[in-house]
Every structure is written in structure tokens, then in C-alpha cells.
Amino acid sequence: MCHVIVTCRSMLWTLLSIVVAFAELIAFMSPDWLLGSPRNDTSGTRAGVDSEYRPSLGLYNRCLRIGTSQVNCGPYATTFGEVASGFWQAAMLFLAAGTLVLGCVAFISIFSLCFQSILKKSIFNICGLLQAVAGLLLMVGLMLYPAGWGSEKVKFYCGSDALPFRPFNCSLGWAFYTAIGGTLATFLCAVLSAQAEIATSSDKVQEEIEDGKSLICLL
């Protein structure tokens, strides 16, 4: 018989797991990892108006104003080999792997409301371990990313003096900070999974099950 068990700690873990997975996915796909040095729009479409803008560069895509008043966003790399540097290629692999694991955990966490074990092992403990592994993968990817700032692609956006771990005229965009925040939240999820396991296997929950209740909600 399926028992739907909802507690504050298990619900918090489930919601945070879903949010973290989406945050990492959005950050991975965003072009706003690096904000390039300020440039002027030379299209002449709005004479006398200061139309300075900052191009942005992501892991595999970019936003750049090319001859018009509108910013053109899209991938600069059509194949994996065209990614700006080997460090970014490695970073993409680690970040993609971590995000994939988080996505799987987020999907499983939804069913944790009804199924608390897999093959007689706690679903919370399994997911918590996977989230810890995902956090390590994301952390490695984020450490590799700045090592690629010396590539020719980055120098085009940030200036010829850009070096690994020194982006020169560029500044970090919101996607990089989102990825860092998501990584820290991933480790928090791994900790909360243990609390969710304790909450759903408490004596009070067992008493509710013995009373024949199929929907159990506890604060």
C-alpha cells in the first residue's frame, strides 16, 4: 500500500532539489557567464544617443550586437571541438554531468512523497549521496572554467591582456554566480536529505501508518 508522507523537512528537500536542478540548467545554457568590455553601437541608427553595450560570453554561446540595434544571441560553437578552450570543454562535461544527476534526483524526489525506499534502501539516502556527487562534479567544473579565460575567444571579448583566472576588462555575469549558488545549495540538499529521512521514518509517522492512514501530513 502506498503511503503519502509529507513533512516540512521532506517537502523542503523536494522543493529545493527541484529548484537547484533548474538553476544549474538555466546557468549552463545562459550566455551571461562573462560580460565583455563596453562597446559602442556603430550602426548609426540612433545618432546622438549613447548606445554603449556589453557583449556576453557563455560556455558555448554568446550575445553580441552586430551591425544593428538589436543584440544577436546564439551559439558560437556548432560542435564540441569549437568550444573556446580545452578547459571550457572539460568544465562543460563536469557541469553537464552534475546537472544531469541533479535532474534525475529532482525527478525521483517527487515520488519520494509516496515511495520512501528503493530495493529496501532509503530513497533519501540514495538521493543525498547522488547530490553530494553532483556537487563535487559542479565544483570541479567551476574550478576549471576560469582556467580558460586565456583563450582567443575570451580575449576578443575581454581584451588581449586576458589571462587564465584574470578576465581583464570582463566581469562575471549572473550565470556564473547562479552556478556557484546552485552548487552550494546542492550540498545543502545532501544534508537535508538525511533530515528528510529522519522525519519520514519517525515514530509518529509509524503510528499514523499503523492507524491505517494513507495520507500523512506532519509539521
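Every heavy atom of this structure was used, including side-chain atoms; hydrogens, water molecules and symmetry mates were not.
With rounding to the nearest 0.5 angstrom, the CE atom of Met92 is 6.0 Å from the CZ atom of Phe80. The CZ atom of Phe107 sits 14.0 Å away from atom OG of Ser17, with the distance rounded to the nearest 0.5 Å. Note that OG1 of Thr186 and CG of Leu16 are 8.0 Å apart. Values are rounded to the nearest 0.5 Å. Summarising the geometry, atom OG belonging to Ser122 is positioned 11.5 Å from atom CG belonging to Leu129; distances are rounded to the nearest 0.5 Å. Residue Lys121 holds its NZ atom at 7.0 Å from CD1 of Ile126, rounded to the nearest 0.5 Å. Phe168 CZ to Asp161 CG: the interatomic distance, rounded to the nearest 0.5 Å, is 4.0 Å.
At least one side-chain heavy atom of Trp149 sits under 4.5 Å from a side-chain heavy atom of Leu34. Between Leu188 and Trp13 the shortest side-chain heavy-atom distance does not fall below 4.5 Å. Side-chain contact check for Leu15 versus Met11: some heavy-atom pair is nearer than 4.5 Å. You'll find the side chain of Ser193 stays beyond 4.5 Å of the side chain of Cys127, heavy atoms only.
For the pair Thr14 (side chain) and Ser10 (backbone), a donor-acceptor distance under 3.5 Å is present. A side-chain donor-acceptor contact under 3.5 Å links Asn61 to the backbone of Met29. Panel note: side chain Arg62, backbone Asn72; a donor-acceptor pair is recorded below 3.5 Å.
Grouping the Ile, Leu, Val, Met, Phe, Trp and Tyr side chains by contacts below 4.5 angstrom, directly or via other members, places Trp174 apart from Leu57. A single hydrophobic cluster is not seen to contain both Leu35 and Leu59; linkage of ILVMFWY side chains at heavy-atom distances under 4.5 Å, directly or through other members, places them apart. Note on Leu172: it clusters hydrophobically with Phe156, by side-chain heavy-atom contacts below 4.5 Å among ILVMFWY residues. The hydrophobic clustering, which links ILVMFWY residues whose side-chain heavy atoms are closer than 4.5 Å, places Leu142 and Val83 together. In this structure, Ile18 is not a member of the same hydrophobic cluster as Ile26, with clusters built from ILVMFWY side-chain heavy atoms closer than 4.5 Å.
Here Val191 sits alone; no ILVMFWY side chain lies under 4.5 Å from its own, so it joins no hydrophobic cluster.
Around CZ of Phe94, the count of heavy atoms belonging to other residues, nucleotides or ligands within 6.0 Å does not exceed 12. Atom CZ of Phe22 has 12 or fewer neighbouring heavy atoms from other residues, nucleotides or ligands inside a 6.0 Å radius. No more than 12 heavy atoms of other residues, nucleotides or ligands lie within 6.0 Å of CZ in Phe87, so this atom counts as exposed by the packing criterion.
In plain terms, the two heavy atoms of Phe124 and Glu197 that are nearest each other are CD1-OE1, 3.6 Å. Contact record, Asn169 with Arg54: O-NH2, 3.6 Å, taken as the closest heavy-atom pair. Taking all atoms of both residues into account, the shortest heavy-atom contact from Ala132 to Phe187 is O-CE2, 3.9 Å. Listed here is the closest heavy atom pair of Thr178 and Glu24: O-OE2, 4.3 Å. For Glu82 against Tyr76, the heavy-atom pair with the smallest separation is O-CE1, 3.6 Å. Summarising the geometry of Trp33 relative to Leu95, their closest heavy-atom pair is CH2-CD1, 3.9 Å, with the distance given to 0.1 Å.
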Step-by-step side-chain contact (heavy atoms from CB on, under 4.5 Å) determination, Val101 to Val133: CA-CA 8 Å; Val101 173; Val133 172; 5.7 Å; no

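Among the candidates Pro55, Pro167, Ser56, the single residue satisfying the side-chain contact (heavy atoms from CB on, under 4.5 Å) test with Tyr157 is Pro55. Of the residues Val20, Ile180, Thr99, Leu184, the one that meets the side-chain contact (heavy atoms from CB on, under 4.5 Å) test with Leu138 is Thr99.
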